[in-house]
Amino acid sequence: MMAFSLRNIVAFLALFHASIVVATLPSCQTCGSPEPSPPAPEPEAFPPEPEVPEPYPPELAPYPEPDRSPEPSEAPIDDDGVFDVTNYGAVADGRTECSSAFSAAWHAACDYPGNSTFYIPEGRFLVGPISFRGPCYDDRSPNVEIRGTLFALSSLSSFKSSYWISFKNLQGLTLIGGPEYGKLDGQGAVEAWKEPSCEKSARCKKLITVRPGSKNVSVSNIRCGPGHGISLGKYKNEKDVVGINVRNCTINGTENGIRMKTWPGDRPSNAYNMTFEDIVMVNVSNPIVIDQEYCPSHKCKSNEPSMVKLKDIFIKNINGTYSTKYAVIFLCSSEAPCENVQLVNINLNYLVPNSPRQGRLNIKGFLNGLQVINSRF
């Protein structure tokens, strides 16, 4: 049984009444005649309302609500193959989580049959854990250009694994920023830096970091700080790391400047062909460090030496200040000696006034082929 509201009944009766009036008008016999038309007869009386109302006639049935959902459309693509994350739904307000939009823009750029750029414009973007994966079309990686600021989620519980932004299975990746734009803010001070597990156990429970197995990586024109500086090595039994080039960077107020570290008892692997040059350090605690006895909690179970081979390490044109006892620390493995390490044009000043400059190099373990050229620290 259909129910009718008073409003619907009134509308129905009004329409029914109007139809009666129109239907009973006589046809025009003398169009244009000055004589008035005969008056229309009174409309017939309405029949009594039936006990069960008839359904609306089809022509009076209510219209359905219009579909207000947005029309699906593809994001625009510039002629030069630039894929802007804001065209895929990213909002530059620093509050809206944008990882889905970033992922959509990346897939479009990765599948593009030509030179492409994954583009992040100016603004503040909140981005959760995201992995940019290849291989891409014709095994060519898109360029990545960052002009805005990326903020990580502040809670460690938001990270199911130990990375924030990851690039995997890519060849020839280029990431572009600039001195006044292109910033990555991990928001570590909110929660991550307060994580107590790094001080109480041999492994930090979860801190978001650098990944193993990287090859031919170039980093330039970045500013770091505060934090741990530029560090290589995090986990035991990592894959080889080859061809790391870090140039034209500023490291300010960090615990470390340039650091390469491995764990005691690591299985054999290699890290080689690494260059660090034209770097400015401002009030850095430990400017240059090789640490093959890395154990932040001092509770590592294994006393065996690391078997990771570090070789062909070139550190040159490093200038700035430091605040601890040693400017250069080399703690190399006794079983897999460091090999072919060059320090060229190192000029680091100890911040404590009136202190002697000599003796600020700490070497332990075995190191073959150390060269220190035109350096003061």
Side-chain angles (χ1 to χ4, degrees), residues 72-92 96-123 125-153 158-178 181-186 208-222 230 232 234-235 238-249 271 273-275:
S73 61
E74 295 184 357
I77 303 174
D78 292 344
D79 292 337
D80 54 357
V82 175
F83 295 81
D84 188 327
V85 295
T86 60
N87 291 335
Y88 292 80
V91 181
T96 305
E97 205 283 318
C98 298
S99 58
S100 295
F102 276 47
S103 181
W106 171 260
H107 285 300
C110 186
D111 294 338
Y112 185 68
N115 295 328
S116 63
T117 297
F118 174 80
Y119 182 72
I120 302 171
E122 294 182 6
F125 297 91
L126 182 66
V127 183
I130 188 169
S131 180
F132 299 107
R133 294 177 176 267
C136 294
Y137 183 85
D138 201 23
D139 207 21
R140 293 183 298 181
S141 300
N143 291 328
V144 177
E145 184 170 353
I146 303 176
R147 289 185 171 269
T149 299
L150 307 188
F151 293 91
L153 300 178
S158 302
F159 296 84
K160 304 304 180 184
S161 60
S162 60
Y163 69 83
W164 172 27
I165 299 174
S166 173
F167 295 92
K168 295 184 177 180
N169 302 323
L170 297 167
Q171 299 289 334
L173 175 69
T174 300
L175 192 153
I176 305 168
Y181 57 85
K183 299 179 181 178
L184 306 181
D185 187 344
I208 312 307
T209 57
V210 179
R211 302 304 292 175
S214 298
K215 297 182 179 180
N216 300 325
V217 177
S218 294
V219 179
S220 63
N221 299 311
I222 66 169
I230 299 174
L232 304 178
K234 166 65 176 177
Y235 301 101
E238 294 182 342
K239 296 180 180 179
D240 288 1
V241 174
V242 182
I244 306 298
N245 292 276
V246 180
R247 292 182 170 89
N248 300 319
C249 298
N273 191 17
M274 296 180 284
T275 300

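Numbering of residues begins at 1 and proceeds along the displayed sequence.
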Heavy atoms, side chains only, cut-off 4.5 Å: are [X] and [Y] in contact?
| X | Y | result |
| --- | --- | --- |
| Tyr137 | Asp111 | no |
| Pro121 | Thr86 | yes |
| Val144 | Trp106 | yes |
| Asp138 | Pro113 | no |

Would you please test Thr96 and Leu126 for side-chain contact (heavy atoms from CB on, under 4.5 Å) and show each step?
-> CA-CA 6 Å; Thr96 305; Leu126 182 66; over 6 Å; no
Atom [atom1] of [X] and atom [atom2] of [Y]: how far apart are they, to the nearest 0.5 Å?
| X | Y | atom1 | atom2 | result |
| --- | --- | --- | --- | --- |
| Asp139 | Asn169 | CG | CG | 9.5 Å |
| Arg133 | Ser141 | CZ | OG | 14.0 Å |
| Ile165 | Leu175 | CD1 | CG | 8.5 Å |
| Ser131 | Phe167 | OG | CZ | 9.0 Å |
| Thr117 | Tyr112 | OG1 | OH | 10.0 Å |
| Thr174 | Glu145 | OG1 | CD | 11.5 Å |

Least distance between heavy atoms, [X] atom then [Y] atom:
| X | Y | result |
| --- | --- | --- |
| Ile130 | Ser99 | CD1-O, 3.5 Å |
| Gly123 | Ala92 | CA-CB, 3.9 Å |
| Leu173 | Pro142 | CD1-O, 3.6 Å |
| Pro129 | Leu153 | CD-CD1, 4.3 Å |
| Arg247 | Thr275 | NH2-CG2, 4.2 Å |
| Phe102 | Ile120 | CE2-CD1, 3.4 Å |

Flag the pair Phe118 / Phe83 as yes when their ring centroid distance falls below 6.0 Å, and as no otherwise.
-> no
Determine whether more than 12 heavy atoms belonging to other residues, nucleotides or ligands lie under 6.0 Å from atom CG of Asn115.
-> no
